[in-house]
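Note that ligands are numbered from 1 as they come in the structure, with each ligand's atoms numbered from 1 the same way. All values derive from a computational prediction rather than experimental measurement.
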Amino acid sequence: MTESILVVNCGSSSLKLALFDENETKLASAMAERLNGQDAFARIDGDNPCVALPDNANHKQALQALVSAFRERQLMSEAPASIGHRVVHGGETFREAVLIDDDAVKAISNCAGLAPLHNPVNLAGIEATREQFPDTPQIAVFDTAYHQTLAPRAFLYALPEAYYRDWAVRRYGFHGISHFFMANEAARRLGKTPETTSIISTHLGNGCSITAIKDGLSVDTSMGLTPLEGLVMGTRSGDVDPGLFEYLRTRGVALEEVHKVLNHDSGLLGISGRTNDMRTLCELADGGHEPSALAIEIFCFRLAKYVGAMMASLSHLDALVFTGGIGENSVQVREKTLGHLGLLGFDIDTDKNEHHGRHTDGRIEHADSRFPVLVIPTNEELVIAREAFRLAQAS
Ligand code: ADP
């Protein structure tokens with residue numbers, strides 16, 4: 001059996017695992033959902049039936065059950081050669097992936113104030129695998145780390161400087177693992193090296209962000225102190241006027257309620273009043289549901305504005321890149337967004353956009369377009385597996 005690399009991605013009530021061999025071939029993937037609840041379940045992708053879990057299974061129990069299932073199916077030997085964990089927030093401490101030791105665990109825990117919903121569950125996953133595989137090198141790969149190359153002009157808010165000094169209030173940015181993959185994959189497809197390639201990368205999933213990448217490095221990004229800032233998202237508002245908080249207070253809306261609404265009841269869901277799911281929204285809009293059509297309009301207009309904003313950080317542009325569930329699949333979103341950007345010289349080839357390059361090189365721009373436009377499926381698991389392999393080899 002070949003040596004395997006295990007990739008672990010813990011959400012608040014979910015666990016996703018992926019298993020790669022050393023040649024970057026994905027051997028298997030698995031997931032557990034609704035953890036800590038009565039209807040928790042786990043499954044190896046493409047496999048039936050579900051993997052049995054104890055009642056109210058937690059992350060550790062789900063991990064044990066899925067690892068046993070991998071072993072039973074001869075997908076994994078006793079222990080993987082290395083384990084890579086996705087960790088949401090690395091603060092300013094982590095500029096790149098690290099080998100996990102007690103100090104790293106402490107530092108990740110110290111960043112939890114910046115990501116109270118995410119870092120503690122990421123740590124739960126790390127603790128579970130350290131316990132189960134005490135001799136296996138474990139690596140943390142951070143969603144924020146790629147954006148640590150932002151200059152102060154891009155990461156500082158126009159706030160009293162003590163907010164940054166005392167409380168670490170700044171733009172961190174997220175989706176860094178995906179944007180990093182785009183920087184490398186776009187360069188490869190364009191026949192260039194990442195160090196000489198500048199792109200604007202849009203990651204459009206349930207969460208959405210856009211990043212300016214100059215010569216392979218992140219130089220500006222739309223998400224901020226938290227993943228709430230920037231683009232319109234599934235249930236998140238993205239940018240709003242901060243004056244909204246005081247205005248809503250005068251209307252009797254408590255701060256906690258505003259926070260909840262901006263994160264969970266806004267974005268595509270809030271505008272359409274129906275759904276946060278872009279595919280369903282497109283179907284509703286096609287059927288004449290006007291609030292759904294408006295939600296798509298606002299989503300694309302905000303995105304186009306941000307493409308323009310990202311230009312301020314670049315001296316040349318090799319490609320605009322679309323990724324994430326919406327970016328990879330929504331013909332309409334790509335067409336509408338680029339429709340706002342004619343003045344900058346973007347021009348889409350509607351036929352290529354329809355086929356969106358899944359089976360080609362991913363190019364969807366018209367021959368007259370000033371800039372290439374690429375559709376690239378993201379692969380965050382592969383980035384984590386590569387880092388886990390690289391750092392384990394070096395350890
Ligand atoms: P997550 O951020 O949870 O990983 P994804 O990257 O899978 O999410 O993106 C989910 C979004 O992608 C949803 O809004 C979904 O409707 C959208 N999506 C997936 N397929 C299509 C499609 N064919 N057309 C339009 N939107 C799509």
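Between G325 and ligand 1, at least one N/O pair is under 3.5 Å apart. Taking any N or O of I326, backbone or side chain, at least one lies under 3.5 Å from an N or O belonging to ligand 1. Note: an N/O pair closer than 3.5 Å links R279 and ligand 1 by distance alone.
Among protein heavy atoms, atom 15 (C) of ligand 1 sits closest to D277 OD2, 3.7 Å. In terms of protein heavy-atom proximity, atom 14 (O) of ligand 1 is nearest to M278 N, 2.9 Å. Scanning the protein heavy atoms around atom 21 (C) of ligand 1, the nearest turns out to be N329 CB, 3.4 Å.
Linking Ile, Leu, Val, Met, Phe, Trp and Tyr residues whenever their side-chain heavy atoms come within less than 4.5 Å places I200 and V373 in a single cluster.
In the candidate list N206, V333, T275, N206 is nearest to atom 10 (C) of ligand 1, counting heavy atoms.
Between S237 and L228, the closest side-chain pair of non-hydrogen atoms falls below 4.5 Å.
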* Would you sort out whether T378 and H175 count as a side-chain hydrogen bond (donor to acceptor under 3.5 Å, both in side chains), showing the intermediate values? => CA-CA 11 Å; T378 194; H175 288 148; over 6 Å; no
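A cation-pi arrangement, defined by a distance under 6.0 Å to the six-membered ring centre and an angle within 45 degrees of its axis, is present between R170 and Y172.
Distance remark: protein heavy atom not present below 4.0 angstrom from atom 4 (O) of ligand 1.
A salt bridge links R171 with E229: at least one charged nitrogen is closer than 4.0 Å to a carboxylate oxygen.
Each of D239, T202, T221, T211 was compared with Y306 under the side-chain hydrogen bond (donor to acceptor under 3.5 Å, both in side chains) criterion, and only D239 meets it.
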